[in-house]
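Written below as structure tokens is the structure these notes are about.
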Amino acid sequence: MKPFLLVLSAPSGGGKTTIAKMLLQGRDDLGYSVSATTRPKRPGERDGVDYHFLSRDQFISRQESGEFLEWATYGGELYGTLKSEIDRIFSEGRHAVLDVEIEGARQIRANFPNALLLFVLPPSASALVERLVGRKTEDPQLVRERIVRAADELAAVSEYDYAILNEDLVVAVSQVAAILEAESWRVSRQDTLPEFIEQLRRDVVKAAERIGSKSSVISRRSSERSKESRSSEFTDD
Ligand code: ADP
Ligand code: 5GP
């Protein structure tokens with residue numbers, strides 16, 4: 001199958017990063033696209049693993065030299081997908097999983113019609129707030145800004161291909177896996193299909209010819225047999 005981009009979006013705290021990481025465990029057909037950002041590193045985050053942490057100048061200069069597939073501003077910080085990440089993942093024959101907010105998803109939709117866009121919904125506003133606060137990564141002012149932004153982000157769900165509900169994490173991950181499985185059978189994603197169909201058609205035509213020639217031999221024989229039996233009827237008379 002042709003490698004493609006799997007874009008996961010959700011309001012902050014919706015669970016997309018958790019789902020992406022769980023989904024990738026034990027699967028060698030997917031690669032995680034490590035984004036670049038100017039936001040400060042959270043405790044436990046590792047440079048090059050969770051994000052490529054860049055200064056604003058570094059980000060802008062890489063953006064100006066065309067290194068980003070897409071980029072956007074979120075909460076006053078810059079975030080973007082490096083083309084080199086996608087090249088690396090595609091060259092390994094894997095699909096690239098991207099954790100991207102809605103502006104970036106729109107850029108991807110416009111430039112990569114083959115991309116699969118999936119929106120992760122929280123089960124309720126209270127669950128969203130609880131998860132975001134419980135993550136303890138943003139101070140209350142930033143939590144508030146992120147929740148305010150969530151209302152706009154939710155309005156963009158109709159631009160996505162799929163929306164899944166992240167109530168139970170295990171169920172949500174298996175839903176994403178089921179979507180990927182179904183997408184792998186989409187005709188446009190099966191790059192070896194045209195070749196297979198061409199060969200199958202040639203073989204079907206040959207099979208039809210063989211049946212045709214066999215049936216004409218059979219029908220010739222049976223008509224000869226019936227002629228013989230008719231003439232023997234006459235001689236018996
Ligand atoms: P996002 O990447 O969308 O901002 P995270 O993946 O960081 O969200 O999830 C936010 C918090 O919610 C994390 O602490 C995560 O462990 C928790 N979480 C995610 N999904 C669920 C779930 N289904 N049930 C309970 N907690 C969840
Ligand atoms: P966070 O600071 O919580 O890690 O991420 C904030 C927002 O930035 C999330 O909505 C996340 O999806 C988004 N984001 C992370 N990486 C990228 C990226 O490469 N491009 C874009 N456009 N958004 C990103």
Side-chain angles (χ1 to χ4, degrees), residues 5-25 31-54 59 62-63 67-86 89 96-112 115 117-139 142-143 145-154 156-157 159-160 163-176:
L5 305 174
L6 168 64
V7 174
L8 295 179
S9 296
S12 187
K16 59 194 172 301
T17 313
T18 312
I19 290 174
K21 294 205 166 148
M22 266 182 81
L23 182 70
L24 263 95
Q25 278 169 18
Y32 187 70
S33 165
V34 180
S35 295
T37 185
T38 60
R39 83 144 161 75
K41 207 191 284 179
R42 293 173 185 152
E45 281 185 334
R46 286 171 295 163
D47 191 19
V49 176
D50 298 289
Y51 277 107
H52 297 288
F53 292 98
L54 304 180
F59 193 107
R62 294 181 75 163
Q63 187 269 317
E67 289 187 42
F68 287 106
L69 190 94
E70 62 73 35
W71 69 279
T73 305
Y74 181 98
E77 303 289 354
L78 304 173
Y79 293 81
T81 303
L82 289 161
K83 289 178 184 166
S84 56
E85 281 292 307
I86 305 305
I89 297 166
V97 180
L98 289 78
D99 174 339
V100 161
E101 53 67 68
I102 59 169
E103 288 304 332
R106 284 183 179 133
Q107 293 168 43
I108 290 170
R109 170 64 93 214
N111 297 316
F112 300 87
L117 270 59
L118 203 151
F119 202 97
V120 177
L121 291 164
S124 64
S126 57
L128 181 67
V129 175
E130 233 169 74
R131 288 177 192 173
L132 193 50
V133 171
R135 198 172 65 186
K136 296 191 174 85
T137 47
E138 277 79 25
D139 63 34
L142 279 180
V143 167
E145 281 175 21
R146 286 179 174 228
I147 298 292
V148 168
R149 184 166 171 140
D152 289 337
E153 289 171 327
L154 288 166
V157 174
E159 297 170 42
Y160 283 70
I164 61 144
L165 197 67
N166 177 21
E167 187 152 30
D168 179 298
L169 195 52
V170 173
V171 172
V173 172
S174 69
Q175 280 168 349
V176 180

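Every value quoted in this text rests on a predicted model; they were computed, and no experiment measured them. Start at 1 and go down the list; that is how both ligands and their atoms are numbered.
Aromatic ring pairs are classed by plane angle as parallel below 30°, tilted from 30° to 60° and perpendicular above 60°; the pair F119 and Y160 is perpendicular.
Listed by number with element, the atoms of ligand 2 under 4.0 Å from a non-hydrogen atom of A72 are 22 (N). With ligand atoms numbered from 1 in the order given, ligand 2 contributes 22 (N) to contacts under 4.0 Å with heavy atoms of G104. Of all atoms in ligand 1, numbered sequentially from 1 with element shown, those under 4.0 Å from a heavy atom of E167 are 22 (C), 23 (N), 24 (N). The ligand atoms of ligand 2 that sit less than 4.0 angstrom from a heavy atom of V100 are 12 (O), 18 (C), 20 (N), 21 (C), 22 (N), 23 (N), 24 (C). Of all the atoms in ligand 1, the ones that sit under 4.0 Å from a non-hydrogen atom of L169 are 20 (N), 23 (N). Close approach of ligand 2 to T81 is summarised as follows: ligand atoms under 4.0 Å from at least one heavy atom of the residue are 19 (O). Short contacts between ligand 1 and G14, defined as distances under 4.0 Å to a heavy atom of the residue, involve ligand atoms 3 (O), 8 (O). Listed by number with element, the atoms of ligand 2 under 4.0 angstrom from any heavy atom of G80 are 18 (C), 19 (O), 20 (N). Close approach of ligand 1 to P11 is summarised as follows: ligand atoms under 4.0 Å from at least one heavy atom of the residue are 3 (O). Listed by number with element, the atoms of ligand 1 under 4.0 angstrom from any heavy atom of S12 are 4 (O). For ligand 1, the atoms sitting less than 4.0 Å from at least one non-hydrogen atom of T17 are 1 (P), 2 (O), 6 (O), numbered in the order shown with element in parentheses.
Residue nearest to atom 12 (O) of ligand 2, selected from T73, D99, T37: D99 (by heavy-atom distance). Ranked by closest heavy atom to atom 22 (C) of ligand 1, the top entry among R131, K136, E101 is R131.
Checking only distances, T18 does come within under 3.5 Å of ligand 1, N or O to N or O. The shortest N or O to N or O distance between E70 and ligand 2 is under 3.5 Å. Between G13 and ligand 1, a contact under 3.5 Å exists for at least one N or O pair. Below 3.5 Å of separation, one finds an N or O of E101 facing an N or O of ligand 2. Any N or O atom pair closer than 3.5 Å counts here, and Y79 shares at least one such pair with ligand 2. For N166, a nitrogen or oxygen atom sits less than 3.5 Å from a nitrogen or oxygen atom of ligand 1, counting backbone and side chain alike. Below 3.5 Å of separation, one finds no N or O of I19 facing any N or O of ligand 1. By the 3.5 Å distance cut-off applied to N or O atoms, R39 is counted among the residues near ligand 2.
Here the protein heavy atom with the shortest distance to atom 8 (O) of ligand 1 is G15 N, 3.1 Å. For atom 1 (P) of ligand 1, the closest non-hydrogen atom of the protein is K16 NZ, 3.4 Å. Considering only non-hydrogen protein atoms, atom 4 (O) of ligand 2 sits nearest to Y51 OH, 2.5 Å.
Between R135 and T137, the side chains place a donor N or O and an acceptor N or O closer than 3.5 Å (distance only, hydrogens not considered). S126 and S124 form a side-chain donor-acceptor contact under 3.5 Å, judged by distance and modelled atom types alone.
For the pair K21 and Y32, the cation-pi criterion (under 6.0 Å, within 45° of the ring axis) is fulfilled.
Contact between R42 and ligand 2 is present, with at least one heavy atom of the residue lying under 4.0 Å from the ligand. Ligand 2 does not have Q107 within reach: every non-hydrogen atom of the residue lies 4.0 Å or more from it.
Between Y74 and S12, the closest heavy-atom pair is OH-CB, 3.3 Å. Between Q175 and I164 the shortest heavy-atom distance is OE1-CB, 3.8 Å. D99 approaches K16 most closely through the heavy-atom pair OD1-CE, 3.1 Å. Closest approach of V49 and V34 over heavy atoms only: O-CG2, 3.5 Å.
Using a cut-off of 4.0 Å between Lys/Arg side-chain N and Asp/Glu carboxylate O, R106 and E70 are scored as not salt-bridged. With salt bridges taken as basic N to acidic carboxylate O contacts below 4.0 Å, one links R146 and E138.
Here E103 has no heavy atoms under 4.0 Å from ligand 2, in either its backbone or its side chain. With a 4.0 Å heavy-atom cut-off, ligand 2 is reached by the side chain of R146 but not by its N, CA, C or O.
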